[in-house]
Structures are given as structure tokens and as C-alpha cells.
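To start, the structure under review is shown below, and the notes come after it.
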Amino acid sequence: MSEFDPGIDYYAVLGVGSFASADEITRAYRALAAKYHPDKHQGNDLEELAKEKLAQINAAFAVIGNPERRARYDDARRGGRASQPPGGGAPPSAAPPRQGRTGLYVLLALAGLLLALRFVRNPRTLLIIAAVIAAIWLAPRIVRYFKK
């Protein structure tokens, strides 16, 4: 039996993004654990629901709160080698690859540049602004690429 289910989005359970830092994950876990702790709901109708939710939160934090397990989980979600069954082929619970939103970002950037062109008198200034925005947008992606 696997230590986690790649079909479950543990990031969504904790309410964080997949690129969240360890501190953000810990803060989200602590906030949700305090919110859904059964002692807070003792004796009311939501006690069982709070226990189930806390179990989900604990399971999610056990996977993505540990850097090694998080790396294996991320690899399994992407359909990497760690998720391959012994016989080969894709596992039945592998999540489909996510579609990128690059096209939407490009359209928004072009719209923003066209709008800025109306207010910026010097086109060179606009090019410098666009280059700075592109560098800010690309920097974390380049760092993640070289960390692998």
C-alpha cells in the first residue's frame, strides 16, 4: 500500500498552492487544526465532521509537511518514475497533467502593455517595464528548474 494517494490534492486540503513554502504549509496546517479541533466542537452537531476534517488535514500535513514525502508526492502527481507501478505503465490513479495558463498570461500582458502605451510617452520606458516584469515572472521558474 502506498504512503499517500496522488489522486488527493493535499495542497487544496490545506488551502495552499503547490509552490508554497514550508512555513506557509505549517501556518496553514496550524490554523486549520485549530479551527477544526474536536475540542472546539465538542457536544455540537459538527463534532464528527470536525474529526473527519482534522484527519484529512493531518494526513495532508504528514505528506506535504515532510520535504522528502512532498517530493515523492509531487513526482507521483506529475506522473513521474516514483508513481510507476512495478509492471510498468501509468498507475490507474495518476492525475492528468494540468493545462498551463500561459496563453491567458500572454494576452493579459499584451493588454496591459497596450494600455500602458497610452500613458507612457517614451516606448523605451515601456520596454524596460516589460523586461522587468518578465524578469520578475521568470526568476522563480528558473530557480525551480535549476533546483531539480
Side-chain angles (χ1 to χ4, degrees), residues 1-42 44 46-86 88-117 119-120 125-148:
M1 175 112 190
S2 178
E3 60 185 321
F4 53 78
D5 181 5
I8 297 174
D9 188 357
Y10 293 119
Y11 294 106
V13 171
L14 292 181
V16 297
S18 59
F19 296 111
S21 69
D23 290 337
E24 291 171 327
I25 290 171
T26 303
R27 273 184 268 151
Y29 166 72
R30 287 179 180 163
L32 289 172
K35 180 178 180 181
Y36 290 105
H37 199 277
D39 289 347
K40 282 192 167 186
H41 300 283
Q42 198 168 20
N44 69 20
L46 301 176
E47 184 175 4
E48 289 301 314
L49 181 64
K51 286 180 183 178
E52 291 174 17
K53 186 71 174 172
L54 186 63
Q56 292 173 353
I57 293 166
N58 286 333
F61 185 70
V63 173
I64 64 173
N66 180 325
E68 294 168 2
R69 291 182 80 190
R70 181 180 180 182
R72 288 194 304 269
Y73 170 72
D74 288 341
D75 189 46
R77 286 185 63 197
R78 286 190 299 267
R81 282 181 182 235
S83 65
Q84 296 295 324
S93 64
R98 290 187 284 173
Q99 296 295 323
R101 296 183 181 156
T102 307
L104 175 64
Y105 293 143
V106 168
L107 287 175
L108 288 173
L110 288 174
L113 288 174
L114 289 174
L115 182 64
L117 190 58
F119 298 106
V120 177
T125 306
L126 186 61
L127 287 175
I128 292 170
I129 292 170
V132 168
I133 291 171
I136 291 170
W137 184 74
L138 283 173
R141 287 155 180 79
I142 292 170
V143 168
R144 279 195 307 268
Y145 177 77
F146 285 110
K147 274 187 167 179
K148 292 181 184 178

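Note that the coordinates shown come from a computational prediction; the quantities given were computed from them, not determined experimentally. By convention here, the first residue in the shown sequence is residue 1.
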Query raised in the report: side chain to side chain contact (heavy atoms under 4.5 Å, CB included) with Ala20: which residues, sequence neighbours excluded?
Result: Val16, Glu24, Ile25
Query raised in the report: Could you state the interatomic distance from OG (Ser18) to CZ (Arg70), rounded to the nearest 0.5 Å?
Result: 7.5 Å
**Report entry** Any residue meeting salt bridge (charged side-chain N to carboxylate O under 4.0 Å, His left out) with Arg27, in chain and number order, not counting sequence neighbours
**Finding:** none
Query - Residue list, salt bridge (charged side-chain N to carboxylate O under 4.0 Å, His left out) with Glu52, at least two apart or on another chain - result: none
Report summary line: Shortest non-hydrogen pair, Lys40 vs Lys35, comes out as CD-O, 4.3 Å
Query raised in the report: Between Arg141 (side chain) and Trp137 (backbone), is there a donor-acceptor pair under 3.5 Å?
Result: yes
Query - Between CZ on residue Phe19 and OH on residue Tyr11, distance to nearest 0.5 Å - result: 8.5 Å
Report summary line: Residue pairs meeting salt bridge (charged side-chain N to carboxylate O under 4.0 Å, His left out), one or both in residues 6-23, sequence neighbours left out, come to Asp9-Arg77
Query raised in the report: Which residues pass the side chain to side chain contact (heavy atoms under 4.5 Å, CB included) test with Tyr29, sequence neighbours left out?
Result: Leu14, Ala33, Ile57, Asn58, Phe61
Requested in this report: Could you list the residues that satisfy side chain to side chain contact (heavy atoms under 4.5 Å, CB included) with Glu68, not counting sequence neighbours?
Outcome: Asn66, Arg72
Query raised in the report: Would Tyr10 and Phe4 count as a close aromatic pair, with their ring centres under 6.0 Å?
Result: no
